[in-house]
Amino acid sequence: MAAVPLDLLDRIRELERQVRELAGRSQIRPAMDQVSKGYVRIGEGGAFGVFSPEGKQILGVGHWGNGEYGLSMKRQDGSPAMTIRNGTDEKMPQPVRLFDPKGNEIWADDVKNGGIACPYIALLPPQNSDIAASWPKTDSASFADVARSFNSLWQPKIRLFMYTAADGGTAGEVRVLVNGQVWGPAVRAGQDFDYTGAVGGDPGSLVEIVVEARRTSGNGHVYAQPKMLYGCRT
């Protein structure tokens, strides 16, 4: 009887090793702390929670009772941070609410009509329409400061709308400075100034807005009256 070649025996042993390895892998379960593909589905009124070592719930997603499903996020110390729920029932619109560490609601959306519910944002009050009586004015031949304000910046851009005017027989120009730099175009007195542009600075930084005007001819005054100012997105 002829001897079996050694290379054939080696191949048989290698095949046996691979079969044992594959058989072992079939008994190994995937790691229970990872989801490699697909998604995790929690249904039938279930919920998902994350808790600190002290037992304080940091994150809660799912069923809250009364048929309502929502979300709650808290800080490490257990103080509220954000919720998307009402705590009543599934028929009530669910606002998004942000809270400070003391539990005060500092931002919420208006779920009935859209927009922001909280905080209230200041609006420009109605102003005197009598130009000569109260509008900021100058008869300077060089640009002079006629109005100034300081604002906290929270959006990357602002929009300013302003009326301008001049006495009869008088011509002039009006321009705007933001933090000492010319912002937007200079307009001829009598034209509206309506400009939207970036102002620079970090959110929360103080922004100085100055309206300047000058008389270029005649003997009267040049007027400027801001009518609208608000921050806007990029």
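Please read these numbers as outputs of a predicted model, since none were measured by experiment.
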Item to check | Under 3.5 Å donor-acceptor, Asn86 side chain and Pro93 backbone | outcome: yes
Checklist entry - How close do Gly103 and Phe99 get, heavy atom to heavy atom, and via which atoms? => result O-CD2, 3.5 Å
Next on the checklist: Minimum heavy-atom separation for Cys232 and Thr196, please, with both atom names.
Outcome noted: SG-CG2, 3.7 Å
Checklist entry - Applying the 4.5 Å side-chain criterion to the ILVMFWY set and letting contacts propagate, would Val50 and Val40 be lumped into a single cluster? => result yes
Checklist entry - When you measure from the side chain of Asn128 to the backbone N and O of Asp130, does any donor-acceptor pair fall under 3.5 Å? => result yes
Next on the checklist: Same cluster or not: Met82 versus Val61, using hydrophobic residues (I, L, V, M, F, W, Y) connected whenever any side-chain heavy atoms lie under 4.5 Å apart?
Outcome noted: yes
Next on the checklist: Gln127 vs Gln225, test: side chain to side chain contact (heavy atoms under 4.5 Å, CB included). Steps then yes/no.
Outcome noted: CA-CA 9 Å; Gln127 298 174 332; Gln225 180 64 73; 2.9 Å; yes
Item to check | Listed partners of Arg17 passing salt bridge (Lys or Arg N to Asp or Glu O under 4.0 Å), at least two apart | outcome: Glu14, Glu21
Checklist entry - Looking only at heavy atoms, what is the nearest atom pair of Ala144 and Thr138, with distance? => result CB-OG1, 3.8 Å
Item to check | Separation between CG of Leu98 and CG of Asn104, rounded to the nearest 0.5 Å | outcome: 12.5 Å
Next on the checklist: For the backbone of Ala47 and the side chain of Tyr69, can you confirm whether one donor and one acceptor N or O come within less than 3.5 Å of each other?
Outcome noted: no
Next on the checklist: Running the 4.5 Å side-chain criterion over Ile, Leu, Val, Met, Phe, Trp and Tyr, what cluster does Leu160 land in, apart from itself?
Outcome noted: Val146, Leu153, Ile158, Met162, Val174, Val176, Val178, Trp183, Val187, Phe193, Tyr195, Val199, Val207, Ile209, Val211, Val222, Leu229
Item to check | Pairwise salt bridge (Lys or Arg N to Asp or Glu O under 4.0 Å) hits with a residue in residues 137-166, at least two apart | outcome: Asp145-Arg148, Arg148-Glu208, Arg159-Asp194
Checklist entry - Side chains of Lys102 and Ser79: does their closest heavy-atom pair fall under 4.5 Å? => result no
Checklist entry - Linking I/L/V/M/F/W/Y whenever any side-chain heavy atoms sit under 4.5 Å apart, do Phe48 and Phe51 land together? => result no
Item to check | Contact list for residues 112-125, test side chain to side chain donor-acceptor pair (under 3.5 Å), sequence neighbours left out | outcome: none
Next on the checklist: Checking the side chain of Thr164 only, and the main-chain atoms of Gly190 only, is there a donor and an acceptor separated by less than 3.5 Å?
Outcome noted: yes
Next on the checklist: Applying a strict under-4.5 Å side-chain criterion to I, L, V, M, F, W and Y, I'd like to know whether Val96 and Ile106 cluster together.
Outcome noted: yes
Checklist entry - Just by distance, do the side chain of Thr83 and the backbone of Ser72 share a donor-acceptor pair under 3.5 Å? => result no
Item to check | Taking every non-hydrogen atom, the tightest pair across Leu124 and Lys227 | outcome: CD2-O, 2.9 Å
Item to check | Polar side-chain atom of Asp110 near backbone of Gly115 as donor-acceptor pair, under 3.5 Å | outcome: no
Item to check | Linked hydrophobic residues, Phe161 as query - side chain contacts closer than 4.5 Å | outcome: Ile131, Trp135, Tyr163, Tyr223, Met228, Tyr230
Checklist entry - Going from CD on Glu212 to CZ on Arg175, what distance comes out if it is rounded to the nearest 0.5 angstrom? => result 4.5 Å
Next on the checklist: For the CD atom on Gln76, are there more than 12 heavy atoms of other groups (residues, nucleotides or ligands in this structure) within a distance under 6.0 Å?
Outcome noted: no
Checklist outcome for this item: Taken in chain and number order and not counting sequence neighbours, the residues that satisfy salt bridge (Lys or Arg N to Asp or Glu O under 4.0 Å) with Arg85 are none
Item to check | Atom of Ala147, atom of Pro136 and distance for their closest heavy-atom approach | outcome: CB-CG, 4.3 Å
Checklist entry - Looking only at atom types and distance, does a side-chain atom of Arg188 sit under 3.5 Å from a main-chain N or O of Ala171, one as donor and one as acceptor? => result no
Item to check | Gln94/Glu68 under side chain to side chain contact (heavy atoms under 4.5 Å, CB included): CA gap, chis, key distance, verdict | outcome: CA-CA 9 Å; Gln94 294 177 307; Glu68 184 186 20; 3.0 Å; yes
Item to check | Reported CG-to-CD1 distance for the pair Asp109 and Ile116, which is rounded to 0.5 angstrom | outcome: 9.0 Å
Item to check | Closest heavy-atom pair and its distance - Pro119, Trp107 | outcome: CD-CD1, 3.9 Å
